[in-house]
Chemist: 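Got a structure for you, questions after.
Numbering of residues begins at 1 and proceeds along the displayed sequence.
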Amino acid sequence: MAIKISDKCISCGTCEYECPNHAIYEGGMKWTLSKGTKAKGTFQLFDGTTIDADQKNPALSFDTFYIVPGKCTECQGFHDKPQCMEACSVNACIPSDLYIETKEQLLAKKASLYA
Ligand code: SF4
Ligand code: SF4
């Protein structure tokens, strides 16, 4: 299950630096799959969408920091716990019920991002 950022976010920016996949972006900033990962060329996201790893994609939020579900591995393969949840002082990082994934799926996502 990917983590998401709720509207409790005060945009302090702390979590962005804790994410091993650079899955967290400031509101309004465009995101790329390749930033902070080894993804390159044409890449298929877990939902079946195909994108270029270097393409700049529209921001998913303009009001708060946001998490790209296709890059969030819930920190599997790096840490025991989601580092954004650990770092956020206002508990704005919470599990997303839109992206339910098993540990095996999260590890497979991590492996594909660093293949
Ligand atoms: S989610 Fe939490 S740690 Fe991240 S920017 Fe918002 S308030 Fe800061
Ligand atoms: S759970 Fe880990 S991989 Fe996902 S956004 Fe938070 S810090 Fe990044």
Chemist: Does atom CZ of F78 have more than 12 heavy-atom neighbours, drawn from other residues, nucleotides or ligands, at distances under 6.0 Å?
Modeler: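 Yes - once you tally the heavy atoms of other residues, nucleotides and ligands closer than 6.0 Å, there are more than 12.
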Chemist: Any chance you could measure T64, atom OG1, to K4, atom NZ, to the nearest 0.5 Å?
Modeler: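 It is 11.0 Å, given to the nearest 0.5 Å.
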Chemist: Report yes if some heavy atom in the side chain of P95 is under 4.5 Å from a heavy atom in the side chain of M85; otherwise report no.
Modeler: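 P95 vs M85: side chains touch.
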Chemist: Please check: side-chain N/O of Y25 versus main-chain N/O of T32, any donor-acceptor pairing under 3.5 Å?
Modeler: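 Indeed, once roles are kept as given, a pair shorter than 3.5 Å links the two residues.
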Chemist: Go through the steps to decide whether L113 and K110 satisfy the test side chain to side chain contact (heavy atoms under 4.5 Å, CB included), and finish with yes or no.
Modeler: CA-CA 5 Å; L113 289 170; K110 189 254 181 182; 5.7 Å; no
Chemist: Between atom CD of E26 and atom OG of S61, what is the distance when rounded to the nearest 0.5 Å?
Modeler: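 Answer for the CD-OG pair, E26 versus S61, is 10.5 Å.
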Chemist: Assigning hydrophobic clusters by single linkage (Ile, Leu, Val, Met, Phe, Trp, Tyr; side-chain heavy-atom cutoff under 4.5 Å), is I94 placed with Y66?
Modeler: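 Result: no, two separate clusters.
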Chemist: For the atom pair CD (E18) and SG (C88), what is the distance rounded to the nearest 0.5 Å?
Modeler: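 So the CD of E18 and the SG of C88 are separated by 11.5 Å.
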Chemist: Are L107 and L45 joined in one hydrophobic group, where the rule is that I, L, V, M, F, W and Y side chains link up if heavy atoms are under 4.5 Å apart?
Modeler: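 No.
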Chemist: Quick one: does N57's side chain have a donor or acceptor within less than 3.5 Å of a partner on Q55's backbone?
Modeler: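 Yes; at least one donor-acceptor contact below 3.5 Å.
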Chemist: Test of understanding: clusters of I, L, V, M, F, W, Y form through side-chain heavy atoms closer than 4.5 Å, transitively. Do Y114 and I51 belong to the same one?
Modeler: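 Y114 clusters together with I51.
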Chemist: Does the side chain of S34 pick up a donor-acceptor pair with the side chain of D54 at under 3.5 Å?
Modeler: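 Per modelled atom types, S34 and D54 side chains form a pair under 3.5 Å.
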Chemist: To the nearest 0.5 Å, how far apart are CD1 in I5 and CD in E16?
Modeler: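 One finds 9.5 Å between CD1 of I5 and CD of E16.
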Chemist: Show the nearest heavy-atom pair for residues Q105 and I100, with the distance to one decimal.
Modeler: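 So the two residues come closest at OE1-O, 4.2 Å.
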Chemist: How far does CD of E74 sit from OG1 of T102, to the nearest 0.5 angstrom?
Modeler: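 Result: 10.5 Å between the selected atoms.
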Chemist: Can you hop from L33 to L106 via hydrophobic side chains spaced under 4.5 Å?
Modeler: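 Different clusters.
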Chemist: Could you go through the side chain to side chain contact (heavy atoms under 4.5 Å, CB included) check for W31 and K56 one step at a time?
Modeler: CA-CA 6 Å; W31 65 273; K56 292 184 177 179; over 6 Å; no
Chemist: Give a yes or no answer on whether the side chain of Q76 reaches the backbone of T73 with a donor-acceptor pair at less than 3.5 Å.
Modeler: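 The answer is no, because no donor-acceptor pair under 3.5 Å joins these two groups.
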Chemist: Shortest non-hydrogen contact from A39 to T37?
Modeler: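 A39 and T37 have their closest heavy atoms at N-OG1, 3.1 Å.
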Chemist: Show your working on side chain to side chain contact (heavy atoms under 4.5 Å, CB included) between H79 and E86 and close with a plain yes or no.
Modeler: CA-CA 11 Å; H79 304 286; E86 295 286 300; over 6 Å; no
Chemist: Under 3.5 Å, sequence neighbours excluded: what are the donor-acceptor pairs made by side chains of residues 6-13?
Modeler:
| residue | atom | partner | partner atom | Å |
| --- | --- | --- | --- | --- |
| S6 | OG | K8 | N | 3.2 |
| S6 | OG | A92 | O | 3.4 |
| K8 | NZ | V90 | O | 3.3 |

Chemist: With sequence neighbours left out, write down each residue that passes salt bridge (charged side-chain N to carboxylate O under 4.0 Å, His left out) with K109, or none if nothing qualifies.
Modeler: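 Counting only residues at least two positions away or on another chain, K109 forms a salt bridge (charged side-chain N to carboxylate O under 4.0 Å, His left out) with E101.
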Chemist: Once rounded to the nearest 0.5 Å, what's the spacing between atom CG of D80 and atom SG of C75?
Modeler: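 If we round to the nearest 0.5 Å, D80:CG and C75:SG are 10.0 Å apart.
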Chemist: Test of understanding: clusters of I, L, V, M, F, W, Y form through side-chain heavy atoms closer than 4.5 Å, transitively. Do V68 and M29 belong to the same one?
Modeler: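 They do not share one cluster, since no chain of ILVMFWY contacts under 4.5 Å joins V68 to M29.
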Chemist: Go through it in stages, so that I can follow the logic: the residues are I24 and C84, the test is side chain to side chain contact (heavy atoms under 4.5 Å, CB included), and I'd like the CA-CA distance, side-chain angles, deciding distance and then a yes or no.
Modeler: CA-CA 9 Å; I24 303 175; C84 52; 3.7 Å; yes
